[in-house]
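Beneath this line is the structure, given in structure tokens, with notes to follow.
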Amino acid sequence: MLQRFIEDHITQALQVIGAPNGTVAPFELPRQEGHGHVATTVAMTLAKSLKQNPRMLAQALVDALPKTMDHVQSVEIAGPGFINISFAPSAFHVLLRGMYDEGDTLGRSTMGRGKRVNVEYVSANPTGLLHAGHGRNCAVGDTLANIYSWCGYEVTREYYFNNAGNQMNKLGESIMVRVQHLLGDVSAVFPEDGYHGEYIQTIAEEIVRNSRTTVAGLSGSDLHAYCRKQGEDWCFNAIKETLKTLNIEHDVFFNEDSLYSEGKVEQTIADLRSKGLVYEQDGATWLALTKLDQPVDKVIVKSSGEPTYRLPDIAYHREKLLRGYDEIVDVFGADHIATIPDVLAGVRALGFDTDKVHVVIHQMVTFLENGEVVKFSKRSGKSFTLDDLIDEVGADVVRFFFVMRAVGTHLEFDLGLAKEEGDKNPVFYLQYAHARICSIIRKATDAGIAVNSMADLSVLTHPAELALIGLLARFHSTLERACTNVEAHSICDYLRDLAAAYHAFYHDCRILGAEAPYQDARLYLAEVTRRAMKNGLTLLGVRAPEQM
RNA sequence: GCGCCCGUAGCUCAGCUGGAUAGAGCAGCAGCCUUCUAAGCUGUAGGUCGCAGGUUCGAAUCCUGCCGGGCGCGCCA
């Protein structure tokens, strides 16, 4: 970052003019051309506490700066008290060389310092295939995990599932009836709220084909249990295959059932009880959420003896925190909003620091085709699966489109745009920039020209060159900010800007065939850009093709 | 009724945690290929930042109240 060339000088000048100890000058990037490369608002923020005119303060600060500073071109006071700083091209050259020396891991950060973070995402129960809307959770979760990992955290990618609930029983029943039909038992009645997807029939057919004699010898609950297990395995397999095509692989598949079998649910309820937060009423067990500043108490164990989802969810978070994670990220769809405060309140009541838990809630997805909303229903049998979506637009586009918007906004997924393999599609724009650079490097290599690590960068003075370097210099902080804010979409925005800056540079500044020093320096700059683009795309789970 | 999210150009969205004349991409208009990939570049046009108050040197950003859209609000998960 450019500001590093003046930070220390400003800090010292602040001392001189009597700013309170520890005052840190905030820097920002002026939007407006002519307002310098970086600006600080410190004079204005200080004006209040020192009860002085901000412009006078700015003047005093500027006067306290050394007459000349390395790499600094000009320092100007503007507007109500901004201090605008412009840097000499040499500042850009120093930054560029530093980035080149980072090599293939350009942009990597150590800010995580090996802290452990658990990112939970996807977490669909194995009762069917992932539908297209699940793509957002998959892409956001995996990208966040990539970002954490890139920023020096030790990441566990976790998938939480439940294979014991009502929904699983319905799956088993649905398959069982199909199997019975295939075996000639026409009296079997399909459950009213069973699963209608085509895959149910597929599973049933596979069961009959592969284990006809086994199922023929089973009946009642045995047959049901068999079908349920077969269904679970089949669905999980299919889900994992889908994830694999998106380049997603989890480290841990956490079965909710283990919370029961290992006594962790019991322990959780006992812990809550010992804190006086559990009581019995109407035959059910309640969690006294009102004692935790929540609006109403909620049932955690039904009168039937079955726990509600709240209890295992609290137990699960307790379990993750006990596993020693420094940070926990939960990626949920908007339909989970209501459950989160309860669970966090419970976890907090157990004495855990819920500041460690980042809940990323993404809004729903609408698919558009020709400007019209594509309707699809889970139960109708004609579903729009994530596999369908990947087949239609490709894995790269799926990953990019699902993370390119802030999670808080309702996402419109334009299938027409996504399918377009051309200039309108933002994914291709980025990949094209990368391929273009590779092409040049390839051509250079063919001509016996290698990227010269000793290139003389001082010839890089064209506005397009400096703009590109300036943008590259923000790569590192863009990634760190994405990590700190637990947001992925800003990387998409950044890469778009980077590609645009490269294309402009490419247009204005001839690389191959330029005079030797220019050719060397520009090739060097192109190579650094290539690495940034490649690493950025990789974080997003998007391929960086060398040729298009 | 209550909780959370959203409201910025015709459309889809950014806006670096309160800064200067609010930015991109599509779509529109006008240009740029005998040379490294035109899947590109350049220019132009497009705005009461939902509305009304408040906080202060300064608000799209923070607070309050409305209006509009989405998702939820079970002894379902």
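Convention: sequence-line order gives letters A, B, ...; per-chain numbering from 1.
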request  = Could you tell me if the ring centre of A:Phe87 sits under 6.0 Å from that of A:Phe92?
outcome  = no

query = Roughly how far apart, to the nearest Å, are B:G18 and B:G1 at atom P?
reply = 32 Å

inquiry  = What contact category does A:Cys438 fall into here, base, sugar-phosphate, or nothing, at under 4.0 angstrom with non-hydrogen atoms?
reply    = nothing

request  = Give the rounded distance in Å between these two atoms: OH of A:Tyr429 and C1' of B:C13.
outcome  = 16 Å

message = Are A:Tyr494 and A:Leu479 packed together at the side-chain level, in the sense that at least one heavy-atom pair is separated by less than 4.5 angstrom?
response = no

query = Quantified in whole Å, what is the P atom distance between nucleotide B:C11 and nucleotide B:C51?
reply = 15 Å

task = Quickly work out the A:Ile511 CD1 to B:U35 C1' distance and round it to whole Å.
result = 13 Å

ask   = Within the structure, does a side-chain N or O atom of A:Thr45 lie under 4.0 Å from either OP1 or OP2 of B:C57?
value = no

message = Please encode protein proximity along nucleotides 69-77 of chain B as a string of B, S and -, counting only heavy-atom distances under 4.0 Å.
response = -SSS--BSB

ask   = Hey, is the side chain of A:Arg405 poking within less than 4.0 Å of OP1 or OP2 on B:U12, counting only N and O atoms?
value = no

Under 3.5 Å, which protein N or O atoms sit close to an N or O of nucleotides 28-30 of chain B? Give each pair with its distance.
none

Heavy-atom closest contact (A:Leu523 atom, A:Ala450 atom, distance) = CD2-O, 4.1 Å

Please list, pair by pair, any protein nitrogen or oxygen found under 3.5 Å from a nitrogen or oxygen in nucleotides 43-47 of chain B.
none

message = Give me the distance, rounded to whole Å, that separates B:A52 from B:C67 when you measure between the P atoms they each carry.
response = 15 Å

task = Go through the side-chain N and O atoms of A:Tyr195 and A:Gln167 and say whether any donor and acceptor fall under 3.5 Å apart.
result = yes

query = Which value, in whole Å, describes the distance between the C1' atoms of nucleotides B:G46 and B:C2?
reply = 41 Å

task = Using a 90° cut-off around 0 for syn, call B:U12 syn or anti.
result = anti

query = Which residues pass the salt bridge (charged side-chain N to carboxylate O under 4.0 Å, His left out) test with A:Arg436, sequence neighbours left out?
reply = none

remark   = Per the 3.5 Å Watson-Crick/G-U criterion and a run length of at least three, the stems involving RNA chain B are B:1-7 with B:67-73, B:10-13 with B:23-26, B:28-32 with B:40-44, B:50-54 with B:62-66

message = How many whole angstroms separate atom CD1 of A:Ile491 from atom P of B:G15?
response = 13 Å

query = Taking CG from A:Asp414 and P from B:C26, how many angstroms apart are they, rounded to a whole number?
reply = 13 Å

Same-atom distance (C1') from B:C29 to B:A9, integer angstrom = 16 Å

request  = For A:Arg55 and B:G19, give me the distance from atom CZ to atom C1', rounded to whole Å.
outcome  = 15 Å

query = Does CE belonging to A:Met548 count more than 12 external heavy atoms closer than 6.0 Å?
reply = yes

ask   = Taking only residues two or more places apart in sequence or in another chain, which ones pass side-chain hydrogen bond (donor to acceptor under 3.5 Å, both in side chains) with A:Tyr279?
value = A:Asp297

message = For a quick check of understanding: with a heavy-atom distance under 4.0 Å over all strands, which category does A:Gln32 fall into, base, sugar-phosphate or nothing?
response = base

Distance, C1' atom - from B:A59 to B:U42, rounded to whole angstrom = 35 Å

task = Indicate whether OP1 or OP2 belonging to B:A27 is found under 4.0 Å from a side-chain N or O atom of A:Lys424.
result = yes

ask   = What is the distance from CZ of A:Arg510 to P of B:C41, rounded to the nearest Å?
value = 17 Å

task = Taking atom P in both B:G50 and B:G10, compute the distance separating them and give it to the nearest angstrom.
result = 13 Å

ask   = Any idea how A:Phe401 and A:Phe413 line up, ring-wise: parallel (<30°), tilted (30 to 60°), or perpendicular (>60°)?
value = tilted

ask   = So which heavy atom on A:Gly536 is nearest to which on A:Ile491, and how close?
value = O-CG2, 4.3 Å

ask   = How close or far is atom P of B:C6 from atom CD of A:Glu412, stated in whole angstroms?
value = 16 Å

Same-atom distance (P) from B:G65 to B:A45, integer angstrom = 42 Å

Conformer about C1'-N of B:C33 - syn within 90° of 0, anti elsewhere = syn

message = Can a side-chain donor-acceptor contact be found between A:Ser109 and A:Glu480 if the only test is distance below 3.5 angstrom?
response = yes

ask   = Can the ring centres of A:Phe505 and A:His462 be said to be less than 6.0 Å apart?
value = no

request  = State whether A:Tyr506 places a side-chain N or O below 4.0 Å from either non-bridging phosphate oxygen (OP1 or OP2) of B:A38.
outcome  = yes

Plane angle bin for A:Tyr159 and A:Phe161 - parallel if under 30°, tilted between 30 and 60°, otherwise perpendicular = perpendicular

key: Rounded distance in Å - CG (A:Asp497) to P (B:C13)   = 18 Å

